[in-house]
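Worth knowing before you read on, the calculation uses all heavy atoms, side chains too, and leaves out hydrogens, waters and symmetry mates.
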Amino acid sequence: MKKSLLTLLAVAAMSTTALAADVKPALVYGTGGKFDKSFNEAAFNGAEKFKKETGIAYRDFEPTGDTQGEQAIRNFASRGFNPVIAVSFAWTSAIEKVAAEFPDTKFVIVDAVVDKPNVRSVVYKEEEGSFLVGTLAGLASKSGKVGFVGGMDIPLIRKFECGYEQGARSVKSDIEVFQNMTGTTGAAWNDPVRGGELAKNQIDQGADVIYAAAGATGLGVLQTAADNKKLSIGVDSNQNHLHPGSVLTSMVKRVDLAVYNGFSDVKAGKFTAGVLALGVKEDGVAAAMDENNKALITPDMQAALDKAKEGIIAGTIKVHDYTTDNACPK
C-alpha cells in the first residue's frame, strides 16, 4: 500500500512537472519597438507582470519589418514555445499559417481575428474609447478646432479617428476636426519627427487639442503639442506622465491584459480560443485619469465623461464603428 502511494505521488509530481513545462511563453511585438511608450510597451508590461507573479520567464522579439514577424512566430512555435502571442494586425496571415502548422500550440493575436481552433483573437472597441477622449477634447478646446494624427493609414486607425470625431461633435456640434495619417507602411508607427510635423501643421491651422494614435510616432505629436502650449491625447498606454499638464488624457487600450491573460490561461489550463471583443463595458478601453492630468479635467468635463461612459454601457449611445462600412457619419 505504501509503495503504491509513493508511486502515485511520483506520477503526480511528474505530471505537474510536465504540465509546467508546457508553459513556455513567447511574445512577438508589432513594428515600432518594444519601448514605444504605447501599444507594444503595454504588451511588454503584461508579460512582465506574468513573469513577476509566476517566476516563469518568457521570450520576446521585436520585428523591424513585416517579414520578420512570421519568421519569429514560426520559430517560437517550432521550438516548443506555448503560448505564442502576436501583437499586431500585421501578423494576421502569419498566425493563420503557423497556427495550422502547429495545432497543439496555443496562439493569441491582438487587433485581428483568426478563425482557428487554437487561436484566441483579442480585438477592441477603439471607437468607444476614442469617443470618450473626443468628448474631453471637444470640451477642452477653446478654438473649436481639434486634430488627429494616425500612424499607418488602415481601417483600424480610421476607427480611432471616427470615434474621436463623434465624441467631439457630441459636445460641440460645429467643431472642426483635422486629421492626418503618417504613412502607408509599417514605418508609419516609428516616425516621431513626422508626427511632430503633422501636429505642428494642425496647430498652425488652429487646433488646440491633438489626439495621436500612431505608436512611437505619437511621441512626436505629444512633444510638439507641449512645446506649443497645446493639449494632446495619448493612446494605448497611459501617456499622461510624458508631459504632465499637457496631455489631456490617454485612450488606454488594455493590451497588457491580453498578454497577461493569454500566458496565465495556458498556465492554468483554461485557455479558450475564439474572439474577445473588449470595449468600455469590459474595461478594455478607457480615458486615463491620474495626478498628471487631474488639473486639466474640470467638473463639467468629468460629468460629461461619466455620462458618455454610462450611455455606451447602457446602449443609449451607439458609437459608429468605421470598419463596418469604411465611413464616418458627419
Side-chain angles (χ1 to χ4, degrees), residues 37-39 41-42 126-150 160-161 163-179 192 195-196 198-215 217-254 280 283 285-312 317 319:
K37 307 295 182 189
S38 186
F39 184 76
E41 194 157 334
E126 291 92 354
E127 73 278 8
E128 293 183 356
S130 295
F131 184 97
L132 297 182
V133 301
T135 298
L136 294 177
L139 292 172
S141 176
K142 294 180 172 61
S143 66
K145 299 177 180 180
V146 298
F148 175 89
V149 175
F160 281 85
E161 191 284 326
Y164 174 64
E165 193 168 329
Q166 290 173 78
R169 294 192 193 286
S170 74
V171 293
K172 198 169 289 182
S173 60
D174 61 344
I175 200 163
E176 192 170 355
V177 183
F178 304 122
Q179 57 172 292
L198 293 172
K200 183 61 168 65
N201 180 262
Q202 292 181 359
I203 290 169
D204 290 344
Q205 294 179 73
D208 55 1
V209 186
I210 302 177
Y211 178 26
T217 297
L219 299 177
V221 176
L222 271 56
Q223 181 69 59
T224 298
D227 291 346
N228 287 271
K229 305 294 190 291
K230 305 299 180 185
L231 296 173
S232 62
I233 296 175
V235 78
D236 294 335
S237 293
N238 183 349
Q239 298 182 319
N240 296 354
H241 67 283
L242 296 179
H243 300 281
S246 176
V247 181
L248 178 65
T249 185
S250 297
M251 201 290 274
V252 176
K253 189 167 138 179
R254 299 302 304 277
V280 170
D283 199 28
V285 293
M289 296 294 162
D290 58 24
E291 289 301 312
N292 294 300
N293 70 336
K294 185 177 180 180
L296 299 173
I297 307 298
T298 67
D300 286 347
M301 290 166 69
Q302 184 64 57
L305 179 65
D306 292 341
K307 184 178 178 181
K309 285 173 62 177
E310 291 166 6
I312 291 171
I317 294 177
V319 187

[atom1] of [X] to [atom2] of [Y]: how many Å apart, nearest 0.5 Å?
{"X": "Met251", "Y": "Tyr164", "atom1": "CE", "atom2": "OH", "value": "12.5 Å"}
{"X": "Asn293", "Y": "Asn238", "atom1": "CG", "atom2": "CG", "value": "7.5 Å"}
{"X": "Glu128", "Y": "Ile312", "atom1": "CD", "atom2": "CD1", "value": "5.0 Å"}
{"X": "Met289", "Y": "Leu305", "atom1": "CE", "atom2": "CG", "value": "5.0 Å"}
{"X": "Ile317", "Y": "Thr135", "atom1": "CD1", "atom2": "OG1", "value": "7.0 Å"}
{"X": "Arg254", "Y": "Asp236", "atom1": "CZ", "atom2": "CG", "value": "12.0 Å"}

Counting only N and O atoms by type, is there a donor-acceptor contact under 3.5 Å from the side chain of [X] to the main-chain atoms of [Y]?
{"X": "Ser246", "Y": "Lys230", "result": "yes"}
{"X": "Ser38", "Y": "Val235", "result": "yes"}
{"X": "Thr224", "Y": "Gly220", "result": "yes"}
{"X": "Ser130", "Y": "Glu127", "result": "no"}
{"X": "Asn228", "Y": "Lys200", "result": "no"}

Below 30° counts as parallel, above 60° as perpendicular, anything between as tilted: where do the rings of Phe148 and Tyr211 land? perpendicular

Closest contact, heavy atoms only, [X] versus [Y]:
{"X": "Leu139", "Y": "Ala304", "answer": "CD1-CB, 3.5 Å"}
{"X": "Ile175", "Y": "Lys145", "answer": "CG1-N, 4.3 Å"}
{"X": "Gly150", "Y": "Ala214", "answer": "C-CB, 3.7 Å"}
{"X": "Gly147", "Y": "Ala207", "answer": "N-CB, 4.0 Å"}
{"X": "Val285", "Y": "Gly129", "answer": "CG2-N, 3.6 Å"}
{"X": "Ala199", "Y": "Val149", "answer": "N-CG2, 4.3 Å"}

Heavy-atom side-chain contact between [X] and [Y] under 4.5 Å:
{"X": "Glu126", "Y": "Lys253", "result": "yes"}
{"X": "Thr249", "Y": "Met301", "result": "no"}
{"X": "Asp208", "Y": "Leu231", "result": "no"}
{"X": "Gln239", "Y": "Leu219", "result": "yes"}
{"X": "Asn292", "Y": "Val247", "result": "no"}
{"X": "Lys172", "Y": "Asp174", "result": "yes"}
{"X": "Val177", "Y": "Glu161", "result": "yes"}
{"X": "Val280", "Y": "Phe131", "result": "no"}

Ile297 vs Leu248, side-chain contact (heavy atoms from CB on, under 4.5 Å): CA-CA, chis, key distance, verdict: CA-CA 8 Å; Ile297 307 298; Leu248 178 65; 3.9 Å; yes

Checking Ser237 now: which residues fulfil side chain to side chain donor-acceptor pair (under 3.5 Å) with it, not counting sequence neighbours? none

Other residues, nucleotides, ligands: >12 heavy atoms within 6.0 Å of Lys307 NZ: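 No - once you tally the heavy atoms of other residues, nucleotides and ligands closer than 6.0 Å, there are 12 at most.
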
Option from Thr298, Asp300, Asp306 for which side-chain hydrogen bond (donor to acceptor under 3.5 Å, both in side chains) with Gln302 holds: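 Looking at Thr298, Asp300, Asp306, the match for Gln302 under the side-chain hydrogen bond (donor to acceptor under 3.5 Å, both in side chains) is Asp306.
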
